[in-house]
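Read the structure below first, then the notes.
Count residues from 1 along the sequence. These numbers come from a predicted model, not from an experiment. Computed over heavy atoms, backbone and side chain alike; hydrogens, waters and symmetry mates excluded.
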Amino acid sequence: MSELAGSRLRVALTFDAEHPDRAWCPPGNAELVLDTLADRDVRASFFVQGRWAQSQPAVARRIADDGHLVGHHSHYHARMPLLSDAGLEADLTSGFAAVHAATGRDPRPWFRCPFGAGFDDARVLAALGRLGYRNVHWHVELEDWEAWRTGDAIALDAVAGVRAHGDGAVVLLHTWPGGSGEAVGTAIDGLRAAGATFVTVDELEELP
């Protein structure tokens, strides 16, 4: 029996759906992630970049159609603190239009700052708030963007990170790295064996 049996261990798997910035991005990886989530009957939270949604409208639509939570991940994937107030508004507005057009969903209030940059910046958070958003950071970071991170290692670290944090853990993953595609199924199985249940970020009372 799991050492966590009998206690609540909710996990929010979150995926940043964006253009890749590293080499290990196999074709069809986002679809593999979605296939695995469907096979395991897990709903996740996806933070969708506007320009990515424009370039991958069918995949973006599938995220929504499969029942996952749709959030906003900016339009250009710039570091938010580097943008002026006008630039922040323009990026958020353009991204909203692209995400909404591709998915058919209003991503508000869920937003994730690219690279996490700005999650603790009062000016950025105020700009988000004016347009109806709140930033969702994370508790468990797996560095899945690194090509040397194997699926097995990512999955093991996901389970360990969730165990260390406890109930309400928000896990950061991405749709494009090959390691994430390899890891998702094993991570879900390992977390379930540890007594975890899967939720979307809107089901958690407290968020990072």
Does any N or O in the side chain of [X] come within less than 3.5 Å of the main-chain N or O of [Y], such that one atom is a donor and the other an acceptor?
X    : Y    : answer
R112 : H137 : yes
D91  : Y76  : yes
S55  : W52  : yes

Gap between atom CG of D167 and atom CZ of R10 - 0.5 Å precision: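 Here the rounded value is 4.0 Å.
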Non-hydrogen atoms of E182 and W24 that approach each other most closely: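 Residues E182 and W24, closest heavy atoms: OE2-CZ2, 3.8 Å.
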Under a 4.0 Å N-O cut-off, is there an ion pair linking [X] with [Y]?
X    : Y    : answer
R149 : D144 : no
E203 : R43  : yes
D66  : R61  : no

E143, CD: over 12 other non-hydrogen atoms inside 6.0 angstrom: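 Result for CD/E143: enclosed.
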R134 charged N/C atom sitting above F111 aromatic ring, 6.0 Å / 45°: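 No, R134 and F111 do not form such a contact.
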Derivation of the salt bridge (Lys or Arg N to Asp or Glu O under 4.0 Å) call for D35 and R62: CA-CA 10 Å; D35 288 345; R62 182 181 168 189; 2.7 Å; yes
Derivation of the ring-ring contact (aromatic ring centres under 6.0 Å, His included) call for W145 and H174: CA-CA 7 Å; W145 57 84; H174 299 77; 5.7 Å; yes
Plane angle bin for H73 and H77 - parallel if under 30°, tilted between 30 and 60°, otherwise perpendicular: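 Correct class here is perpendicular.
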Polar contact flag, side-chain donor to acceptor under 3.5 angstrom, T200-D202: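 Indeed, the side chains of T200 and D202 share at least one donor-acceptor pair under 3.5 Å.
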